[in-house]
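Read the structure below first, then the notes.
All residue numbers in this chain count up from 1 along the given sequence. Only this structure's heavy atoms are used, side chains among them; waters, hydrogens and symmetry mates stay out. These numbers were taken from a predicted model, which means no experiment stands behind them.
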Amino acid sequence: MRRLWNSAPLGLIVLLISATAIHATSLVRQDLGEQIDLAELIFEGSVVNIETALTKKTGYPFTLVTFQVERTFKGELPANGELTLRFTGGETDEIFAYTPSVPRFEVGGRHVLFVAGNTKALCPLVGWSQGKLDFRQHPETGAPILTDHSGWPVTGIENDQWVLAEQAINADGFWKEPRVGIVLLEQDGVEITGLPERNAVRALDLPTADAVLSGLQSKVVDQQGRSTYRQPVPVVSATALDEPFSGLPGKGGER
């Protein structure tokens, strides 16, 4: 684990946690079929509350994200329509810590989540960031579309895999183009300069989120006869009492 001490006046402590520094954080690429098999619950919902708490022993943060569950694709709706998931890492006035591949959320964000191991796993999503899809707005029609955690639009399902568009889209709804590096040779050495991203053509021909999710629902039904299919189980909401195990040292300092 590396600590980077921010020089801001408030003395914010920033922790960057290597994926190898915490047990069982090595991520294996999982296809959609495996995610469906392993999920205890698959749902579409919106973030209604985010709360950060600290473990009593080490002061390491963890985050409770509460979702309004709108519909499920595997498993049943929670009794009160809400579900709180616990994620390792978080942010307070004094500390900001995260683990690579543990997704972060914002109130109002709308997602499709593949849930497993809530209150037990460091990240309660199948494949961690792989178990999260984001709703975005189509740049021309305004209709909701789906992207993976890296911003690549999801266009369908084929052979146990999500089919992704050939390019990601940026926050403005344009196709992202990769940054191009140029090398400027100078007498004193070599300077590498990155060019800014250019706005390419708009993403016109993307299917709606409902079209993609209709395919997901059919895929879940088709897989129910597989020997590897895990039957859905009720997922209990996490609370601030559900502290994650952490062998990490404490904050190392106060403001």
Query raised in the report: Would Leu77 end up clustered with Val235 when hydrophobic side chains under 4.5 Å apart are linked, directly or stepwise?
Result: yes

Query raised in the report: Heavy atoms, side chains only, cut-off 4.5 Å: are His149 and Pro103 in contact?
Result: no

Query raised in the report: Is there a chain of hydrophobic side chains (I, L, V, M, F, W, Y, each step under 4.5 Å between heavy atoms) that links Val47 to Phe135?
Result: no

Requested in this report: Using a 4.5 Å cut-off on heavy atoms from C-beta on, say whether the side chain of Gln161 contacts that of Leu32.
Outcome: no

**Report entry** Reported CG-to-CD1 distance for the pair Leu64 and Ile50, which is rounded to 0.5 angstrom
**Finding:** 10.5 Å

**Report entry** Exam field: side chain Gln30 to backbone Gly127, donor-acceptor pair closer than 3.5 Å
**Finding:** yes

Requested in this report: Test Val69 against Glu82 for side chain to side chain contact (heavy atoms under 4.5 Å, CB included), laying out the working first.
Outcome: CA-CA 6 Å; Val69 180; Glu82 291 189 352; over 6 Å; no

Query raised in the report: Does NZ or CZ of Lys132 lie under 6.0 Å from the centre of the six-membered ring of Phe105, at an angle within 45° of the ring axis?
Result: yes

Query raised in the report: Distance from Arg29 atom CZ to Gln130 atom CD, nearest 0.5 Å?
Result: 4.5 Å

**Report entry** Same cluster (ILVMFWY, side-chain, under 4.5 Å), Trp152 and Leu113
**Finding:** no

Query raised in the report: So, does Glu76 use its side chain to make a donor-acceptor pair with the main chain of Pro234 at under 3.5 Å?
Result: no

Report task. Starting from the C-alpha separation in whole Å, work towards a yes-or-no answer on salt bridge (Lys or Arg N to Asp or Glu O under 4.0 Å) for Arg110 and Glu70. Result -> CA-CA 10 Å; Arg110 190 171 162 214; Glu70 299 164 15; 3.5 Å; yes

Requested in this report: Evaluate the criterion side chain to side chain contact (heavy atoms under 4.5 Å, CB included) for residue pair Ile42 and Ile36; output intermediate values, then yes/no.
Outcome: CA-CA 8 Å; Ile42 304 173; Ile36 292 173; 4.2 Å; yes

**Report entry** Heavy-atom check, side chain of Leu146 versus side chain of Leu213, under 4.5 Å
**Finding:** yes

Requested in this report: Return the minimal non-hydrogen interatomic distance between Pro61 and Thr52, and the atom names on each side.
Outcome: CB-CG2, 3.9 Å

Query raised in the report: So, does Thr92 use its side chain to make a donor-acceptor pair with the main chain of Glu94 at under 3.5 Å?
Result: yes

Query raised in the report: Do His111 and Phe43 have ring centroids that are under 6.0 Å from one another?
Result: no

Query raised in the report: For Arg71 and Glu44, which heavy atoms make the closest approach, and how far apart are they?
Result: NE-OE1, 2.6 Å

Query raised in the report: Going hydrophobic residue to hydrophobic residue with side-chain gaps under 4.5 angstrom, can you get from Leu206 over to Ile157?
Result: no

Report task. Just do the side chain to side chain contact (heavy atoms under 4.5 Å, CB included) check on Thr119 and Val236 with the steps written out, would you? Result -> CA-CA 8 Å; Thr119 76; Val236 177; over 6 Å; no

Report summary line: Shortest non-hydrogen pair, Ala240 vs Glu51, comes out as CB-OE2, 4.4 Å

Query raised in the report: CG of Leu85 to CG of Leu125: how many Å apart, nearest 0.5 Å?
Result: 6.5 Å

Query raised in the report: Under 3.5 Å, is there a donor-acceptor pair between the side chain of Gln223 and the main chain of Gly33?
Result: yes

Query raised in the report: Looking at side-chain heavy atoms only, is the closest gap between Ser46 and Phe67 below 4.5 Å?
Result: no

Query raised in the report: Would you find more than 12 non-hydrogen atoms of other residues, nucleotides or ligands less than 6.0 Å from Asn80 atom CG?
Result: yes

**Report entry** Nearest non-hydrogen partners of Gly59 and Ile95, listed with the distance
**Finding:** O-CD1, 4.5 Å

Report task. To the nearest 0.5 Å, tell me how far Lys74 NZ sits from Leu41 CG. Result -> 9.0 Å

**Report entry** NZ/NE/NH1/NH2 to OD/OE distance under 4.0 Å, Arg136 and Asp134
**Finding:** no

**Report entry** Stepwise side chain to side chain contact (heavy atoms under 4.5 Å, CB included) check, Val212 with Thr208
**Finding:** CA-CA 7 Å; Val212 175; Thr208 64; over 6 Å; no

Query raised in the report: About how many Å separate CG of Asp210 and CD of Gln217, when rounded to the nearest 0.5 Å?
Result: 12.0 Å

Query raised in the report: Any donor-acceptor pair under 3.5 Å linking the side chain of Gln68 with the backbone of Gly81?
Result: yes

Query raised in the report: What heavy-atom pair brings Ser237 and Leu83 nearest, and what distance separates the two atoms?
Result: OG-CA, 3.5 Å

**Report entry** Thr99 (side chain) donor-acceptor with Val102 (main chain) under 3.5 angstrom
**Finding:** no

Requested in this report: If a pair satisfies side chain to side chain donor-acceptor pair (under 3.5 Å) and one of its residues is in residues 225-235, list it, with sequence neighbours excluded.
Outcome: Asp37-Arg226, Asp37-Thr228, Glu40-Arg230, Asp160-Arg226

Query - Check: Glu34 side chain, Asp31 main-chain N or O, donor-acceptor pair, under 3.5 Å - result: yes

Query raised in the report: Would a hydrophobic clustering, with Ile, Leu, Val, Met, Phe, Trp and Tyr connected at side-chain separations under 4.5 Å, put Phe73 with Val154?
Result: yes

**Report entry** Over all atoms of both residues, closest heavy-atom pair of Ser101 and Trp128
**Finding:** O-CB, 3.3 Å

Report task. Kindly indicate whether the side chain of Val65, heavy atoms from C-beta on, has any atom under 4.5 Å from the side chain of Thr63. Result -> yes

Query raised in the report: Distance-only, no hydrogens or angles: does the Asp242 side chain make a donor-acceptor pair with backbone N or O of Lys120 under 3.5 Å?
Result: no

